[in-house]
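Since the structure comes first, as C-alpha cells, the remarks are kept for the end.
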Amino acid sequence: MLADGGAVNFVHGAAIGTYIHLVQAEILAATAALSHGRFQPGLHSMPTSDRQAIAKIWLDHFDR
C-alpha cells in the first residue's frame with residue numbers, strides 16, 4: 001500500500017470526491033482475494049460480482 005492507503009495519483013492535495021472510496025474498496029478487496037489465494041500470480045481484474053457488491057455498498061451509503 002502506498003501513500004498511507006490513499007490513491008497515489010492524489011498525494012499532492014488534489015481535490016477528490018467520495019468516489020475515491022470505490023477505488024480504495026477495490027484495492028482492499030483485491031488484497032483480501034490475494035491473501036486468501038483466490039488468484040494465481042499474474043495480472044487480474046476483480047470479478048464483476050465483487051465490483052457490483054462494492055458499488056452497491058457505496059450507493060447505499062453515499063446516494064442519500
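Residue numbers count from 1 along this sequence.
When the side chains of ILVMFWY residues are joined at heavy-atom separations under 4.5 Å, either directly or via intervening members, Leu22 and Leu59 end up in a single hydrophobic cluster.
Remark: Thr18 engages His21, Trp58, Phe62 in a side-chain contact (heavy atoms from CB on, under 4.5 Å) (not counting sequence neighbours). With sequence neighbours left out, the side-chain contact (heavy atoms from CB on, under 4.5 Å) criterion links Ala25 to Ile54. Listed by chain and residue number, nothing satisfies the side chain to side chain donor-acceptor pair (under 3.5 Å) test with Gln52 (two or more places apart in sequence, or in another chain).
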With a cut-off of 3.5 Å and sequence neighbours excluded, list every side-chain donor-acceptor pair involving residues 37-44.
from: Arg38; atom 1: NH1; to: Asp50; atom 2: OD2; distance (Å): 3.3
from: Arg38; atom 1: NH2; to: Asp50; atom 2: OD2; distance (Å): 2.8
from: His44; atom 1: NE2; to: Gln40; atom 2: O; distance (Å): 2.7

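His61 contributes no side-chain N or O that, together with a main-chain N or O of Ile57, makes up a donor-acceptor pair within less than 3.5 Å.
Residues in residues 17-32 take part in these salt bridge (Lys or Arg N to Asp or Glu O under 4.0 Å) pairs, two or more places apart or across chains: Glu26-Arg51.
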